[in-house]
Amino acid sequence: MKAHLLTTIFSTFLATARAAQDPAQFVNPFIGTKNGGHVFPGATLPWGSVKAGADSYSGDNQAGYVSDGTPITGISQLHDDGTGGSASLGHFQLLPLTDTECADYNLTKCTIDRSSRAIGHGDPTASPGYFGIPLNNGVNAEVTVTQHTALHRFTFPTAAEQHLLLVDITSDLAQRYQGTGHATVAPNPKTGGTRVTGSGRWIPSFGRSTYQTYFCLDTPAPVNHAYYYETTSGQTAYTHLNKAGTLDRDIGYHGPAGVLMAFRSAGAGETLSVRIGVSWMSPERACAYAEEEISDISAFEGVHKAARDKWNEVLGTVEVDATGVSNDTQELFWSSLYRSYIAPTNVTGDNPLWESDEPYWDSFYCIWDTFRVIHPLYAITAPTAQAEVIRAVIDVYRHTGFLPDCRMSMDKGFTQGGSNADSLLSDSYVKGIKAGIDWEVGLEAMIKDATTMGDFEVEGRGGVNSRRRLGFVPAGDRDHPPSGGADTRSASRLLEYAYNDFSIALVAQGLNNTSNATHFFEQSSHWANIWNPNATHHGFSGFIQPKNTDGSWYFDTRYDSGGVFRPDHCSPLFGHNDCYGGSSGGEFYEASSWEYSFYVPHDMARLVNAMGGKDTFRRIATHFSRLDTFFSAGFHDMGDEPGFLPTYLYNYVGQPAKTVDRVDESVAKYYSTAVDGLPGNDDSGSMGAYVVWSHFGFFPVAGQDTYLLNRPYFPKITFRNEFTGAVATVIAHNLGAENKYIQSARLNGEVYTKNWISHRLFSEGGTLELVMGARKDSAWGTREEDLPPSLSTGGFEVGAALSSSSSGEVLKGGAMKDESSAVQDDGAPSPERNFFSYLIFLLLAD
Ligand SMILES: *[C@@H]1O[C@H](CO)[C@@H](O)[C@H](O)[C@H]1NC(C)=O
Ligand SMILES: *[C@@H]1O[C@H](CO)[C@@H](O)[C@H](O)[C@H]1NC(C)=O
Ligand SMILES: *[C@@H]1O[C@H](CO)[C@@H](O)[C@H](O)[C@H]1NC(C)=O
Ligand SMILES: *[C@@H]1O[C@H](CO)[C@@H](O)[C@H](O)[C@H]1NC(C)=O
Ligand SMILES: *[C@@H]1O[C@H](CO)[C@@H](O)[C@H](O)[C@H]1NC(C)=O
Ligand SMILES: *[C@@H]1O[C@H](CO)[C@@H](O)[C@H](O)[C@H]1NC(C)=O
Ligand SMILES: *[C@@H]1O[C@H](CO)[C@@H](O)[C@H](O)[C@H]1NC(C)=O
């Protein structure tokens with residue numbers, strides 16, 4: 001018994017010690033590869049351009065591999081991670097073949113058609129920087145990567161007389177080849193082997209334009225190779241190449257096309273290693289990347305180790321003391337943190353669209369998802385990358401005229417709702433991220449979003465004209481150029497625009513651009529113009545409801561029958577799948593009015609008043625509170641990003657212990673280490689980042705300098721700011737299964753009672769010590785002065801700026817002002833405001 005205990009303690013100690021050096025050991029890349037998580041489990045570096053992994057012949061293969069047992073059509077070099085919509089990328093599949101697929105090793109007898117060539121497989125293995133899969137034809141396929149290059153190693157069955165390889169040039173996962181392809185084959189004197197290059201043009205998975213990609217593949221010299229292509233009559237034709245043979249030809253619109261290669265087998269244990277560089281600019285660049293990044297094609301283990309080391313470096317800005325923490329929790333935590341760094345991709349220097357000295361990042365898929373959790377995470381754990389992201393999106397503005405919302409495959413993607421790049425920017429701005437960023441141009445870009453209507457299907461905002469006139473975006477808004485986006489989502493877009501305006505105001509204020517700050521702080525209250533105090537549902541009144549251009553309330557005849565507005569429409573209970581961007585969608589995007597009615601992150605104090613005051617919001621005794629009901633009745637949707645913040649909103653009414661319970665419940669109910677362990681598309685790691693924050697013990701109100709406290713899952717977490725070198729430590733004394741509520745706290749040794757913290761802890765370093773206990777009724781964090789900042793109670797240093805235009809009247813109990821006077825600020829200066837503004841200016845001081 002004792003010996004066992006000692007062993008346990010010792011191995012826990014060892015695990016802790018190892019964790020500091022090799023967090024990659026806890027990463028399970030397969031979480032979320034089934035049931036719509038669409039996680040990419042293949043080999044990539046953090047923010048790597050090349051993402052290599054197997055592609056399943058499955059309807060769910062948005063990211064390539066799916067844990068559903070379907071066979072593999074190849075191992076391709078580019079993927080996106082966790083996306084919805086149709087499958088993304090999946091270019092330049094390699095597939096190792098044997099005489100099972102190519103009778104008599106005769107290349108013209110190979111099965112090359114994508115639907116029939118797919119090969120069954122055993123369980124794959126993956127870890128940061130590595131993916132391997134045993135195929136049923138006896139070949140074990142493995143891949144590791146550098147930034148732009150994949151290194152593949154195929155181990156063939158001993159009996160194989162030849163090693164065959166199919167190189168598919170035209171297929172992508174969604175079969176959207178558009179022609180203008182090219183293929184070359186030639187001996188490579190530098191390697192003594194053969195070099196294949198190729199390219200093609202495709203339609204992106206969530207955009208309108210087309211994009212071209214290029215590869216450069218180095219193989220040993222084949223004993224036989226053939227170019228295959230589809231003729232205009234739909235037949236597959238072959239061009240055989242002799243050993244010295246070269247090929248140089250265009251590939252027309254008709255696919256498929258590619259190269260088949262046969263290599264001599266030197267017998268048991270010999271592997272076939274091939275190197276493939278990928279570029280978005282040219283085959284020459286693809287070859288240069290390959291040669292620079294992997295000089296020795298046989299050095300698989302060395303490349304693999306370098307990839308894992310890079311991951312450990314990036315993961316290692318966070319260290320945890322895992323004493324008393326289960327392996328499963330560690331696996332969930334590190335795997336989630338890992339997925340937070342898969343996208344966006346750093347393609348600096350490989351941008352075919354414009355020349356610039358600024359960084360270029362792609363695969364923002366989409367900022368609507370990632371601004372809430374991914375980029376605030378980088379502000380703490382990867383500020384150097386975050387600064388490059390900000391510079392990249394500002395450079396997108398310089399060259400395209402607008403900040404991006406969705407941007408993938410070098411293309412403008414479809415905008416989800418608001419212009420949330422504004423909040424992406426303000427989040428970094430208020431957290432003092434400056435390196436190389438021209439914030440004046442950043443502000444200019446944000447103001448452009450708010451004032452100039454472009455093609456809002458892919459950039460900027462809709463409803464700008466109407467909002468200027470009416471103070472809200474009306475349902476069915478037509479006051480825009482014909483090129484605009486769908487006139488749907490008017491209610492949720494207005495809420496997002498209002499918060500985006502608040503974000504603009506924060507940056508304008510920081511840059512001393514006072515009148516713009518005042519203007520946008522004022523506009524941020526526009527949400528109140530579509531607050532209907534009379535809308536009633538499930539025992540609560542006051543909901544966000546769309547309005548018509550004439551100011552009357554909007555009802556959707558499809559479901560608001562009898563003139564009764566249904567705030568539960570678009571919730572998981574009713575009409576959930578109606579609510580996307582298209583014309584069949586309603587006035588809310590991917591969440592209900594129930595959920596969006598909680599979305600006023602800059603003025604929760606005013607919102608709580610509008611809902612009838614704190615007691616309605618949080619009541620425990622007589623009946624369930626509005627927030628409790630939102631969860632218990634099933635209106636909450638954890639499968640989409642607007643569902644994240646509500647789990648923390650109890651802090652705004654002084655109930656941080658209920659936040660702890662709600663977040664714990666959400667993590668336990670919706671997330672696990674299983675292949676189906678995600679509640680929705682991972683959305684470039686966003687679902688993972690929610691898990692990461694929940695384990696940290698605090699959550700970002702993205703766009704502003706506020707982190708709401710829940711409780712850490714580790715007794716100690718250390719954050720090393722790789723930019724400033726500052727070290728922040730969060731310690732949870734006495735943490736245990738029951739002891740999970742904060743009883744008291746100290747920040748840098750001083751008693752700390754607020755239920756939120758600011759970024760200063762991470763930019764300057766310091767220690768937050770929490771004393772945990774089982775009591776839920778601790779007074780910690782419950783008082784008025786402990787609540788997070790709100791505009792109307794003087795947060796964000798705006799009381800003074802706005803006081804001239806303020807009536808001082810607070811929206812109460814649903815007794816709303818009409819729209820002509822509703823656009824007013826309720827803020828009165830308070831001591832809290834001064835403290836907060838002090839923090840903002842301290843952080844931004846040069
Ligand atoms: C390969 O198969 C084709 C088609 O069946 C046949 O015409 C050709 O002779 C075969 N080649 C060899 C080398 O056997
Ligand atoms: C936790 O993981 C370590 C290292 O992988 C292993 O040695 C140990 O047995 C695991 N502990 C439990 C309780 O599963
Ligand atoms: C992004 O790529 C560029 C060009 O290779 C490199 O200089 C930069 O360090 C990369 N950024 C990060 C955060 O890795
Ligand atoms: C305020 O910002 C706008 C947009 O960037 C800029 O045009 C203007 O010059 C700025 N004004 C001041 C006073 O900085
Ligand atoms: C804004 O004005 C304050 C007070 O004059 C000054 O200290 C600060 O440096 C200014 N900030 C910027 C970004 O110009
Ligand atoms: C506000 O920003 C606009 C640019 O959109 C600029 O023209 C204007 O000068 C700014 N206002 C002030 C007072 O700086
Ligand atoms: C709410 O209902 C009352 C009573 O019918 C009405 O006077 C008031 O105008 C309504 N408010 C709104 C904003 O529709």
Side-chain angles (χ1 to χ4, degrees), residues 97 99 101-112 161-162 164 222-228 235-243 260-262 425-426 428-434 437-444 446 470-472 491 504-518 526-537 540-548 550-555 560 563-565 567 593 597 609-612 797-798 800-801 809 811-823 834 837-846:
L97 304 174
D99 58 348
E101 296 82 23
C102 310
D104 312 321
Y105 296 99
N106 182 329
L107 295 183
T108 67
K109 290 182 177 168
C110 298
T111 309
I112 54 174
E161 287 166 28
Q162 293 186 4
L164 308 180
V223 290
N224 188 10
H225 49 337
Y227 171 74
Y228 70 87
Q235 305 297 305
T236 301
Y238 297 85
T239 305
H240 271 277
L241 310 168
N242 60 32
K243 189 166 179 185
L260 287 156
M261 308 178 91
L425 261 60
S426 71
S428 286
Y429 183 77
V430 298
K431 291 170 184 173
I433 292 180
K434 283 187 293 202
I437 303 169
D438 188 336
W439 277 112
E440 296 284 347
V441 179
L443 177 61
E444 180 188 303
M446 296 163 88
L470 304 168
F472 60 91
I504 298 173
L506 285 182
V507 177
Q509 172 177 256
L511 295 174
N512 292 338
N513 209 313
T514 315
S515 65
N516 272 318
T518 305
H526 279 185
W527 63 273
N529 293 343
I530 59 165
W531 181 263
N532 185 353
N534 293 338
T536 300
H537 192 252
F540 294 93
S541 57
F543 285 92
I544 290 292
Q545 183 176 345
K547 265 186 182 171
N548 297 307
D550 66 5
S552 60
W553 296 111
Y554 168 87
F555 297 92
D560 295 331
V564 177
F565 175 61
S593 170
S597 292
N609 269 337
M611 286 183 166
E797 164 65 3
V798 294
E809 187 190 331
L811 265 182
K812 258 210 187 80
M816 212 200 83
K817 302 170 230 177
D818 68 39
E819 61 268 19
S820 59
S821 64
V823 190
N834 295 331
S837 62
Y838 171 68
L839 275 188
I840 289 190
F841 282 109
L842 211 85
L843 282 169
L844 299 177
D846 239 312

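Start at 1 and go down the list; that is how both ligands and their atoms are numbered.
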Any non-hydrogen protein atom below 4.0 Å of atom 4 (C) of ligand 1?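 It does; a protein heavy atom is within 4.0 Å.
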Can you find a protein heavy atom closer to atom 7 (O) of ligand 1 than 4.0 Å? no
Out of the candidates Ile112, Leu164, Thr108, only one should pair with Cys102 under the side-chain contact (heavy atoms from CB on, under 4.5 Å) rule; please name it.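 Of the listed residues Ile112, Leu164, Thr108, the side-chain contact (heavy atoms from CB on, under 4.5 Å) partner of Cys102 is Leu164.
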Note, Gln545 side chain near Phe555 side chain (heavy atom, < 4.5 Å): yes
Report yes if some N/O of Trp553 lies less than 3.5 Å from some N/O of ligand 7; otherwise report no. yes
I'd like to check which ligand 1 atoms, numbered from 1 as shown, lie under 4.0 Å from a non-hydrogen atom of Thr108.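 What qualifies from ligand 1 is 1 (C), 2 (O), 3 (C), 4 (C).
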Looking only at N/O atoms, are Asn106 and ligand 1 under 3.5 Å apart anywhere? yes
Which heavy atom in Ala226 sits nearest to a heavy atom in Leu107, and how many Å separate them? N-CD1, 3.9 Å
Compare every heavy atom of Asp99 with every heavy atom of Asp104, then report the nearest pair and how far apart it is.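 It is N-CB, 4.4 Å.
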Near Asn534, which atoms of ligand 7 are under 4.0 Å from a heavy atom of that residue?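 Numbered from 1, ligand 7 contributes 1 (C), 2 (O), 3 (C), 8 (C), 10 (C), 11 (N), 12 (C), 14 (O).
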Determine the interplanar angle of the Trp439 and Tyr429 rings, folded into 0 to 90°, and report it as parallel if under 30°, tilted if 30 to 60°, perpendicular if over 60°.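 Trp439 and Tyr429: perpendicular rings.
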